[in-house]
Q: 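Before we start, here is the structure in question, set down as structure tokens.
Below, each value reflects all heavy atoms present in this structure, side chains not excepted, and no hydrogens, waters or symmetry copies. Order of the sequence lines sets the chain letters (A, B, ...), proteins ahead of strands, with each chain counted from 1.
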Amino acid sequence: MPTILLVEDNDLNREMLSRRLTRRGFHVLLAADGQEGVNLARSEAPELILMDMSLPIKDGWTAARELKSDPATRGIPILALTAHAMAGDRDQALQAGCDDYDTKPIELDRLLDKINTLLAQRSRA
Amino acid sequence: MQAGGAALPGSRPEVARVRHDLLTPINGIIGYAGILLEDAADLGRTEMLAPLDEIRSGARELADVIRRVLGLHVQPAALEAALSAVRQACLGPARGLVASTCWLMEEVAPPDDAALVRDLEQLAQAARALAALLDPLPDTGGDGPS
């Protein structure tokens with residue numbers, strides 16, 4: 001059962017997505033801000049991180065940079081989640097170290113495809 | 001929104017912030033409608049499927065409107081008109097989502113199924129949050145989005 005760390009500040013959306021992922025067979029860890037996400041990534045070493053980018057305390061771009069600069073966590077794929085859909089946002093997320101990018105509102109099938117692709121890439125690495 | 005949004009080179013932070021704020025409850029509506037569709041199907045509550053699907057479709061349409069009207073093309077000087085257009089196009093449908101969800105909760109869902117009722121309450125909460133964000137947007141009385 002792959003472990004996914006979900007970093008999302010909106011309570012309702014965090015619970016909702018956690019439940020949907022749990023139903024699909026994932027073990028889900030939850031963080032409500034970027035700093036908590038970094039801390040949990042370091043202590044729990046999840047297989048993948050779903051990172052909202054607009055977060056309190058430490059935003060997702062900063063958290064992703066920190067995790068990707070730390071040898072202990074740089075191998076964890078980060079999938080950026082954001083309501084931003086502007087041209088260049090994908091590049092911004094990738095430049096911060098995120099491995100892929102998806103936009104809200106989340107379409108679960110599309111998100112699961114991306115999660116499974118990243119998990120497969122990680123298992124081959 | 002945190003500094004991450006403001007740090008995006010070439011972005012228009014105010015437009016991005018409003019779009020983010022509006023799409024967040026829509027994400028909740030779509031997600032909880034998805035959960036409820038799965039549960040209603042599993043429980044054989046087929047009378048709930050069409051209304052829930054309409055709620056989810058309605059939320060997706062609102063997301064499309066918001067992305068289209070509050071897109072890259074919006075210049076700062078045109079922001080108020082764009083926000084007014086979003087309000088005009090979305091507030092009524094958002095209130096409709098609240099009403100549909102409450103109707104489902106009160107008239108259709110089995111009152112003894114606490115899990116279904118709880119998730120409908122979450123869905124209604126997201127729809128109310130969306131309407132509450134739309135209501136204070138400027139109302140200039142102009143034409144809606146094309």
Q: Identify the heavy atoms of B:Ile30 and A:Ile106 that sit nearest to each other, and give their distance.
A: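 Closest approach of B:Ile30 to A:Ile106, heavy atoms only: CG2-O, 4.1 Å.
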
Q: Can you hop from B:Leu120 to B:Val108 via hydrophobic side chains spaced under 4.5 Å?
A: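 B:Leu120 and B:Val108: one cluster.
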
Q: To the nearest 0.5 Å, what is the distance between CD (A:Glu107) and CZ (B:Arg60)?
A: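 Rounded to the nearest 0.5 Å, the CD-CZ separation comes out at 4.0 Å.
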
Q: Please report the interatomic distance OG1(B:Thr24) to CG(A:Asp52), rounded to the nearest 0.5 Å.
A: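 Atom-to-atom, B:Thr24:OG1 and A:Asp52:CG are 7.0 Å apart.
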
Q: Are B:Leu133 and B:Leu70 connected, step by step, through hydrophobic side chains (Ile, Leu, Val, Met, Phe, Trp, Tyr) whose heavy atoms are closer than 4.5 Å?
A: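 Shared cluster, yes.
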
Q: Could you measure the distance from the CD atom of B:Gln125 to the CG atom of A:Asp11? Nearest 0.5 Å is fine.
A: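 Those atoms lie 8.5 Å apart.
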
Q: Give, for atom OG1 of A:Thr103 and atom CG of B:Leu23, the distance between the pair rounded to the nearest 0.5 Å.
A: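 The distance works out to 8.5 Å.
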
Q: Out of curiosity, does A:Leu81 fall in the hydrophobic cluster containing A:Phe26 (side-chain heavy atoms, cut-off under 4.5 Å, transitive links)?
A: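 Yes, one cluster joins them.
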
Q: Which heavy-atom pair separates B:His20 from A:Ser54 by the least distance, and what is that distance?
A: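 Looks like NE2-CB, 3.5 Å.
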
Q: Look up atom CG in A:Leu12 and atom CD in B:Gln122, then write down how far apart they are to the nearest 0.5 Å.
A: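 Spacing of CG (A:Leu12) from CD (B:Gln122) equals 5.0 Å.
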
Q: Around atom CD of B:Glu80, are there more than 12 heavy atoms from other residues, nucleotides or ligands closer than 6.0 Å?
A: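 No.
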
Q: To the nearest 0.5 Å, what is the distance between CD (A:Glu15) and OH (B:Tyr32)?
A: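 Between atom CD of A:Glu15 and atom OH of B:Tyr32 there are 3.5 Å.
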
Q: Compare every heavy atom of B:Ile35 with every heavy atom of A:Met16, then report the nearest pair and how far apart it is.
A: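 Minimum heavy-atom separation between A:Met16 and B:Ile35: O-CD1, 3.8 Å.
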
Q: Is B:Val69 linked to B:Val74 within one hydrophobic cluster, defined over Ile, Leu, Val, Met, Phe, Trp and Tyr using a side-chain heavy-atom separation of less than 4.5 Å?
A: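 They do share one cluster, since a chain of ILVMFWY contacts under 4.5 Å joins B:Val69 to B:Val74.
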
Q: Quick one: closest heavy-atom pair of A:Pro105 and B:Ile26, and the distance?
A: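 Where A:Pro105 meets B:Ile26 most closely, the heavy atoms are CG-CG2, 3.7 Å.
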
